[in-house]
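Note that ligands are numbered from 1 as they come in the structure, with each ligand's atoms numbered from 1 the same way. Predicted model, so just to flag it, every value in this text is computed and none were measured.
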Amino acid sequence: MRAAITLLVLLFSMCGAQTRSTQTEVQTESQSTGAAAAAAEVSTQLDIYAELRALRDMVEKQGAMLVEQRTTLRSTQDELKKMKAENTAVKERLVASETKVEALETVNAAQETEMKAMATRLAVSETEVANLKKENTAQQTQLTNIKTEVMKLINANAAQDSRISASEAEVENLKIVQEAELTAVKIRLAATEMEVQNLDKKITETPKVAFSAGLTDSGHIQAGSTELNLVFTKIFTNVGEAYSSITGFFTAPVRGVYYFRFTLMDTERSGWLGITMLRNEQRVIHVSEYENDKVRIYGSSGVTLPLEVGDVVNLRVSAGTRLFDDTANVSTFSGFLLFTL
Ligand SMILES: *[C@@H]1O[C@H](CO)[C@@H](O)[C@H](O)[C@H]1NC(C)=O
C-alpha cells in the first residue's frame, strides 16, 4: 500500500506544471511519514522511473485521447442534440402522420362499408340487368311480331283508305242528289202545307150538317082522312141543329147538295102503307106497300137534293095509313149536307 502511494507521489512529481501545487501537499505528507522507506528503495527507482515515464506517456496519450474523445463526445452530443431535435420533429411528424393515418383509416373503413354496400347493390343490379336482358329479348320478339302486324295493318289501312275515298266520293254525290231531292221535297211539303191549311180553313168554314132521328117509342101512328106530317121525336144525331124534333122539318142552313133517307115500318093490319118526302111542300118521293097477312112491311128510300138556304124537307104518312115504332127504333129519318154550292 505504501509502495503504491510512493509510486504515485513520484509519478505526480514528474507530471506537468498543472499538477504542481497538489504535488507539494503530497510531498509534505510523504516527508513526514515515509522518508526512510524511500531511501531503501532508491535502487529500484531507475526501473520505476522508466515505468513511470512509460505510464506518463500512456497517461499523456490517454489525456490526448481523452481530449480527442471529449471533442468527439461534444460533437456526438451536438449530433445527439440535433438528432433529438430531429427526433422531436420526426415524432411530431409521426404523430401527425398517425393522426392522418387514423383519419385515413376511418375514411377507409367508411369506404369499405360503402364498397360492401356498392358490391351488394352491384350484385342486385347485375341480376336486374340479366332480367332486363331476358325481358328485352322477349320484347324484341314481341316487337318483331308487332311490326309484322303493323305492316299488315298498314297495308289493310291503305286498301281501306282507297275504298273510303271511293265511298266518300259516292257519299258526296249522294249528298248532292239527296240535297236536291230534299229541296224538291221541301218545296212540295210547303205546297202541301199550304193546301192543308186551305183545306183546314174550308172545313172549319164549311157548316157541319147531319141528323138522324127515330119516330116514337109509343107504337102506332094513324093518319086520318088527310096526310099527316111525321115528327121523328127521338134524336140520335143533330149536328148543326137543322132538324127540328118539334116540327119534324129539316131546314137547309146553306146552299148545297144534301142526302136524305128513311125506313118506316108497320105491322098487325091489312091495308096500305104510304110515305111521301116533300121539299118546300113539293113531293119528291112516294113509297107505298100493301100488307095483307099481318106480317111486318117496310117502306124505305133515299134521295140527293140540291137545296137553297131556308129550303125545308119533311116526311108525311098517307091518308088512312099508319106506321109503327117502339124502343127498337125500326122507323128512322136521316139526312146530311154532302157539300156546299
Ligand atoms: C133506340 O134509340 C134510343 C135513343 O134514342 C136508345 O136509347 C135505344 O137503345 C135504341 N134502341 C135500340 C133497340 O137500339
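- The cluster map of Ile, Leu, Val, Met, Phe, Trp and Tyr, joined by side-chain heavy atoms under 4.5 Å apart, puts F249 and I275 in different clusters.
- Of the protein's non-hydrogen atoms, F236 CE2, 3.5 Å is the one closest to atom 5 (O) of ligand 1.
- Between D325 and K234, at least one side-chain nitrogen of the basic residue sits less than 4.0 Å from a carboxylate oxygen of the acidic one, meeting the salt-bridge criterion.
- In this structure, L278 and R316 have side chains that are in contact, with non-hydrogen atoms separated by less than 4.5 Å.
- Looking at ligand 1, you'll find an N or O of N329 within less than 3.5 Å of one of its N or O atoms.
- Side-chain rings of F333 and F262 stay apart, their centers remaining 6.0 Å or farther from each other.
- Ranking the protein heavy atoms by distance from atom 11 (N) of ligand 1 puts T327 O, 2.6 Å first.
- Distance check for atom 14 (O) of ligand 1: a protein heavy atom is found below 4.0 Å.
- By the 4.5 Å heavy-atom criterion applied to side chains, F260 and F250 are counted as neighbours.
- Every atom of ligand 1 is numbered from 1 in the order shown, and the set under 4.0 Å from a heavy atom of A328 is 13 (C).
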